[in-house]
There are 2 protein chains.
Amino acid sequence: MEKSVLGVEKRKSVAVPEPAIRRMPSYLTLLRQLRNDGLEYISAPRLAVHLDIDPTQVVKDLAYTGATGRPRIGYVVADLIEILEEFLGFNRKHEAFIIGVGFLGSALIQYQGFREAGMKIVAAFDTDKKKIGTDIAGVPVFDLAKFRDLAGRLHITIGIITTPAASAQQIADLMVGWGIKAIWNFAPVSLKVPSHVIVQNTHIYSNLAVILNKLEQLKKAE
Amino acid sequence: MEKSVLGVEKRKSVAVPEPAIRRMPSYLTLLRQLRNDGLEYISAPRLAVHLDIDPTQVVKDLAYTGATGRPRIGYVVADLIEILEEFLGFNRKHEAFIIGVGFLGSALIQYQGFREAGMKIVAAFDTDKKKIGTDIAGVPVFDLAKFRDLAGRLHITIGIITTPAASAQQIADLMVGWGIKAIWNFAPVSLKVPSHVIVQNTHIYSNLAVILNKLEQLKKAE
DNA sequence: ATTTAATAAAGAAAAATATCTTTATTAAAT
DNA sequence: ATTTAATAAAGATATTTTTCTTTATTAAAT
Ligand SMILES: NC(=O)c1ccc[n+]([C@@H]2O[C@H](COP(=O)([O-])OP(=O)(O)OC[C@H]3O[C@@H](n4cnc5c(N)ncnc54)[C@H](O)[C@@H]3O)[C@@H](O)[C@H]2O)c1
Ligand SMILES: NC(=O)c1ccc[n+]([C@@H]2O[C@H](COP(=O)([O-])OP(=O)(O)OC[C@H]3O[C@@H](n4cnc5c(N)ncnc54)[C@H](O)[C@@H]3O)[C@@H](O)[C@H]2O)c1
């Protein structure tokens, strides 16, 4: 919060650092597990040991959510879970559709873990005649040609791309045309979209590159 | 490079920033595509436009690989591809095995794209009797009980974990016991391993959290 | 041949992020 | 009741990463 020249409160977009956002689901997952184990309180230093990160970073990350702990005791596990779920939006419903029902697309559709984050894939699209009309874990696979039709009726903000890289851009264009708010892209390409559309890339090669680089450093150090 | 007190060159581990490493596969993927389109030269500013990143960052990233460009011309596409492949290790062979042949594990086994990065999954392990003995795209699925046996004979440095979160730690312990160098973990848990073992987490919830957070910010801005 | 404009490369500055330090709080131990 | 030790919280510092600025290079234009 910041005072403007006129003395009126101006809501400064106190953006939480992305690295902190990325760590938060780990806190939540661990806390849920600890709760199931019957734990009532947990301190930041102990969370830090569990997750192998700096204890002050845990405190700072949790502070972003508004959570407060008590010295000598720590945080109330149940409360912290609720606060994190609320902060991350994992306690709300997020509907998504997915385009490209291949190996990865099918895996994502059948992934039970998205429930824990409030996300639900409600429809799938493909161009393959053999897949169109089928059903994967209750999620119907539609003809991509009917996308605009259907997508317009459903009010969905998240579109997932799991087509080959070659068709990813045209799929993105399609999504943008329909008015999608966020695109989760698993194809190894950089999508060009208008600035108001959120794009989150999950590029598998980046992770592999980090692994190979660390292996190389390890080798050099020997 | 740094001079030591004795005047002898000390190879300071000039670690390339991880963010740079993570961007490099994107350069490579794009360059391969441009080469296929017949392009001979490409400048950093044009690469930057393609990938929507800062042009000086492109130059800096590429400089880490040792690549040099010429003013007014840019980089030689073919050369740059080779340099990047060499730098990332994508032109070498990296054998891996995978534990957990469920939806995600199967998708990874069947993923053709790993070839582009030199990685090959040579064996899979599971505890499910129905899966043991089968074959996925030429990759045999073994009984996990025989893991130690087989893993010892194959000389593999990378282990991929795609089991449910609940069993991930015990799988990691198993891998460590065998002497694995790097673990690529897709289960949403923090693994505890000795410091000499590389762990790369690919946590799906982190990506989702970023998307939901950005959607929330978008909503607030309205 | 000379000028111009694009660009790589190196360096400086800024921004973002992580870590360290200090202070205050508080539950448990004495 | 007092002391002690653990810890949250806030602040300061350090590190990392990105962006900006300057300089030098060079192919193309004049
Ligand atoms: N398989 C993996 O584990 C994995 C991992 C990381 C990233 N990826 C990426 O995810 C994407 C999909 O990979 P995959 O292994 O599932 O491939 P896949 O070939 O199994 O699946 C692709 C699917 O997309 C469909 N498709 C193709 N063109 C389409 C279009 N224009 N519109 C709609 N559907 C279309 C195909 O019919 C197919 O069902 C690729 O970009 C890949 O690089 C895959
Ligand atoms: N499906 C996805 O798209 C997706 C995406 C991101 C992350 N993940 C994560 O990847 C992991 C696997 O997800 P999934 O959807 O493929 O689950 P899944 O249930 O389809 O597959 C899990 C597999 O692991 C095997 N398994 C269980 N315990 C084992 C053990 N102790 N040793 C060896 N094998 C064992 C099971 O038999 C099964 O084949 C989970 O941790 C999940 O959170 C999945």
Side-chain angles (χ1 to χ4, degrees), chain A residues 1-2 12-24 26-27 31 34 39-77 79-80 83-84 190 206 209-210 213-214 217, chain B residues 1-2 12-24 26-27 31 34 39-77 79-80 83-84 87 190 201 206 209-210 213-214 217:
Chain A
M1 229 62 107
E2 206 180 47
K12 195 176 150 196
S13 71
V14 190
V16 178
E18 187 169 312
I21 300 280
R22 299 186 68 85
R23 282 187 294 268
M24 286 182 191
S26 302
Y27 299 131
L31 287 162
L34 294 174
L39 200 75
E40 273 191 79
Y41 302 93
I42 183 86
S43 70
R46 293 184 64 200
L47 279 172
V49 169
H50 273 288
L51 299 168
D52 197 29
I53 52 183
D54 189 273
T56 61
Q57 184 152 73
V58 174
V59 174
K60 282 219 153 60
D61 286 348
L62 296 180
Y64 287 121
T65 68
T68 55
R70 283 159 64 194
R72 288 289 300 235
I73 292 289
Y75 302 85
V76 179
V77 173
D79 292 357
L80 195 47
I83 289 170
L84 275 165
S190 298
S206 294
V210 172
N213 180 255
K214 286 183 180 166
Q217 282 186 301
Chain B
M1 228 63 104
E2 208 180 46
K12 197 176 148 196
S13 69
V14 192
V16 178
E18 187 169 311
I21 301 279
R22 299 187 67 86
R23 283 187 294 267
M24 285 181 190
S26 301
Y27 298 132
L31 287 162
L34 294 173
L39 199 75
E40 272 191 79
Y41 301 95
I42 183 87
S43 70
R46 292 184 63 200
L47 279 172
V49 168
H50 273 287
L51 299 169
D52 196 29
I53 52 183
D54 189 274
T56 61
Q57 183 153 74
V58 174
V59 174
K60 281 218 151 65
D61 286 347
L62 296 180
Y64 287 121
T65 68
T68 55
R70 282 159 62 194
R72 288 288 301 235
I73 292 288
Y75 302 85
V76 179
V77 174
D79 293 356
L80 194 47
I83 289 170
L84 275 166
F87 181 87
S190 299
N201 293 308
S206 294
V210 173
N213 181 255
K214 285 182 179 165
Q217 283 185 301

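Here is how names work: the chains are called A, B, and so on, in the same order as the sequence lines, proteins then strands, and each is numbered from 1. The basis for the numbers below is simple: all heavy atoms, side chains too, and nothing from hydrogens, waters or symmetry mates.
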Return yes when atom CG of A/D52 has more than 12 non-hydrogen atoms of other residues, nucleotides or ligands closer than 6.0 Å, and no otherwise. no

Heavy-atom neighbours of A/R22 CZ exceed 12 at 6.0 Å: yes

Integer-rounded Å distance: [N] [atom2] and [X] [atom1]:
| X | N | atom1 | atom2 | value |
| --- | --- | --- | --- | --- |
| A/Q57 | D/dT15 | CD | C1' | 13 Å |
| B/E18 | D/dT17 | CD | P | 8 Å |
| A/Y64 | D/dA10 | OH | P | 12 Å |

5'-most by nearest nucleotide on DNA chain D - A/G69 or A/R72: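 Residue closer to the 5' terminus by nearest nucleotide: A/R72.
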
Classify [X] by what it touches in the nucleic acid, base, sugar-phosphate, or nothing, heavy-atom distance under 4.0 Å.
| X | result |
| --- | --- |
| A/R46 | nothing |
| B/P55 | nothing |
| A/S43 | sugar-phosphate |

In the 5' to 3' direction, the nucleotides of DNA chain C bounding the stretch that comes under 4.0 Å of a heavy atom in chain B are C/dA5 to C/dG11

Mapping B/A67 and A/T56 onto DNA chain C by nearest heavy atom, which one lands closer to the 5' end?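 Nearest-nucleotide comparison on DNA chain C picks B/A67.
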
Of A/R70 and A/P19, whose nearest nucleotide on DNA chain C comes first from the 5' end? A/P19

Side chains of [X] and [Y] in contact at under 4.5 Å (non-hydrogen atoms):
| X | Y | answer |
| --- | --- | --- |
| B/L34 | B/H50 | yes |
| A/Y27 | A/I53 | yes |
| A/Y64 | A/I21 | no |
| B/V16 | B/F87 | yes |

Working to the nearest 0.5 angstrom, can you tell me the gap between [X] [atom1] and [Y] [atom2]?
| X | Y | atom1 | atom2 | result |
| --- | --- | --- | --- | --- |
| A/D61 | A/L51 | CG | CG | 10.0 Å |
| B/I73 | B/I42 | CD1 | CD1 | 12.0 Å |
| A/L31 | A/L62 | CG | CG | 7.5 Å |

Can you list every stem that DNA chain C is part of, counting only runs of 3 or more consecutive Watson-Crick or G-U wobble pairs with both distances under 3.5 Å?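 Stem list for DNA chain C: C:1-30 with D:1-30.
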
Phosphate-side-chain proximity, B/R23 and D/dT18, N/O vs OP1/OP2 below 4.0 Å: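 Answer yes for this pair, as a side-chain N or O of B/R23 is under 4.0 Å from OP1 or OP2.
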
